[in-house]
Participant: 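Below is a structure I'd like to ask you about.
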Amino acid sequence: MTLVVNDGTPEMRGLLDKGRKRLRNVGVIMLVLGVLAVAFPFATTIAFKTVIGWLFIIGALGHFYGAWNADTPTRRGVDIIQGVIFGVIGVWLAFLPLGGIVTLTVLLAVAFILHGLFELVMGLWLKQFPGWKWLMISGAIAILAGVLIFAELPSSATWAIGLLLGINLLSSGFSYLMVSMAMGKVARV
């Protein structure tokens, strides 16, 4: 692993400062969203589910567009079938407030575990910066959140998505701020 050292050149200082500012801004946004999600877990669950539903609806429109422009009947048929499937799932998630929450809760648990693993790897990759341990802690929290969701199913479906999404956003935002401050120390050297 390469150790990042500030050699004092304006280019290096600029790179470190740019990276530090990006991490700080993302960290602050994640903290604000995390506070809102923890304060309103059920509303966050419904909002999250609705956004996912609209993404499926947009995907359905993409498949129908692909069917319209398909060059073979087989391709046209496949795109129409995929568009119908995406559309039904999208309408179910976007327009039925409580429909699909358990399924999305399971998917969120898997996503948290994968996100936690990613942050652990990212923490090891940024080991040359003093704040790398915060990413490791954040990764461990994300994995723990995923495991907790699985442990409380199906009763956790109404609050788990919002609450745990908020906790994950808070821990990630805090860790990004800590790495940003550590990068600032390196930039000043």
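The chain is numbered in sequence order, starting from 1. Just so we're clear, the structure is a prediction, and the values are computed from it rather than from any experiment. Excluded from the calculations below are hydrogen atoms, water molecules and symmetry mates; all remaining heavy atoms, backbone and side chain alike, are included.
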Participant: Linking I/L/V/M/F/W/Y whenever their side-chain heavy atoms sit closer than 4.5 Å, directly or via other members, would Val88 and Tyr65 fall into one cluster?
Facilitator: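 No: no chain of side-chain contacts under 4.5 Å links Val88 to Tyr65.
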Participant: Atom CZ in Phe56, atom CG in Leu61: separation rounded to 0.5 Å?
Facilitator: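 Atom-to-atom, Phe56:CZ and Leu61:CG are 13.5 Å apart.
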Participant: Is any side-chain heavy atom of Ile89 less than 4.5 Å from a side-chain heavy atom of Phe86?
Facilitator: no
Participant: Do Ile137 and Val121 sit in one hydrophobic cluster, given that two such residues count as connected whenever their side-chain heavy atoms are within less than 4.5 Å of each other, even indirectly?
Facilitator: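 Not linked; separate clusters.
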Participant: Specify the closest pair of heavy atoms between Trp132 and Leu124, including all atoms of both residues, with the distance to one decimal.
Facilitator: CZ3-CD2, 4.4 Å
Participant: Is the shortest distance from a Lys or Arg side-chain nitrogen in Asp79 or Arg75 to a carboxylate oxygen in the other one below 4.0 Å?
Facilitator: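 Result for this pair is yes, salt bridge flagged.
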Participant: Under 4.5 Å between side-chain heavy atoms, counting indirect links through other Ile/Leu/Val/Met/Phe/Trp/Tyr residues: same cluster for Met122 and Leu169 or not?
Facilitator: yes
Participant: Would you confirm whether Lys49, through its side chain, and Leu96, through its main-chain N or O, come within 3.5 Å as a donor-acceptor pair?
Facilitator: yes
Participant: Donor-acceptor pairs under 3.5 angstrom involving side-chain atoms of residues 26-36: please list them, not counting sequence neighbours.
Facilitator:
none

Participant: Leu93 and Gly53: which non-hydrogen atoms are nearest, and at how many Å?
Facilitator: CB-CA, 3.5 Å
Participant: Is any side-chain heavy atom of Ile143 closer than 4.5 Å to a side-chain heavy atom of Phe112?
Facilitator: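 No, side chains not in contact.
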Participant: Under 4.5 Å between any side-chain heavy atoms of Tyr176 and Leu135, yes or no?
Facilitator: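 Sidechains of Leu135 and Tyr176: in contact.
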Participant: I'd like a table of donor-acceptor pairs (distance under 3.5 Å, sequence neighbours excluded) in which one partner is a side-chain atom from residues 37-45, with atom names and distances.
Facilitator:
residue : atom : partner : partner atom : Å
Thr44   : OG1  : Phe40   : O            : 2.8
Thr45   : OG1  : Pro41   : O            : 2.9
Thr45   : OG1  : Gly162  : N            : 2.9

Participant: So, does Thr50 use its side chain to make a donor-acceptor pair with the main chain of Ile46 at under 3.5 Å?
Facilitator: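 Yes; judged by distance alone, with no hydrogens or angles, the pair exists.
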Participant: Locate the shortest heavy-atom distance separating Val106 from Phe150; write the atom from each residue and the value.
Facilitator: CG1-CE2, 3.9 Å
Participant: Using the rule that two of Ile, Leu, Val, Met, Phe, Trp, Tyr join whenever any of their side-chain heavy atoms come within less than 4.5 Å, decide whether Phe174 and Leu126 are in one cluster.
Facilitator: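 Yes, because Phe174 and Leu126 connect within a single hydrophobic cluster, where side-chain heavy atoms sit under 4.5 Å apart.
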Participant: Quick one: does Ile167's side chain get under 4.5 Å of Ile141's, heavy atoms only?
Facilitator: yes
Participant: Tell me, do Leu114 and Phe118 make a side-chain contact under 4.5 Å, heavy atoms counted?
Facilitator: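 When only atoms from C-beta onward are counted, Phe118 and Leu114 do not touch, as no gap falls below 4.5 Å.
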Participant: Using links of under 4.5 Å between side-chain heavy atoms of ILVMFWY residues, direct or through other members, which residues join Ile57 in one cluster?
Facilitator: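 Ile57 clusters with Trp54, Val91, Phe95.
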Participant: Mind checking whether Leu163 and Leu144 sit in one hydrophobic cluster, side chains of I, L, V, M, F, W, Y counted as touching below 4.5 Å?
Facilitator: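 Result: no, two separate clusters.
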Participant: What distance do Lys127 atom NZ and Lys133 atom NZ have between them, rounded to the nearest 0.5 Å?
Facilitator: 9.0 Å
Participant: Apply side chain to side chain donor-acceptor pair (under 3.5 Å) to Glu119 and Ser175, showing your working.
Facilitator: CA-CA 10 Å; Glu119 281 194 340; Ser175 70; 4.5 Å; no
Participant: Please report the interatomic distance CZ(Arg20) to CE(Met181), rounded to the nearest 0.5 Å.
Facilitator: 10.5 Å
Participant: List the atom of Ala60, the atom of Gly83, and the distance in Å for their closest heavy-atom pair.
Facilitator: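 What the structure gives for the nearest pair is CB-O, 3.3 Å.
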Participant: So Thr72 and Arg76, do their side chains get closer than 4.5 Å, heavy atoms only?
Facilitator: no
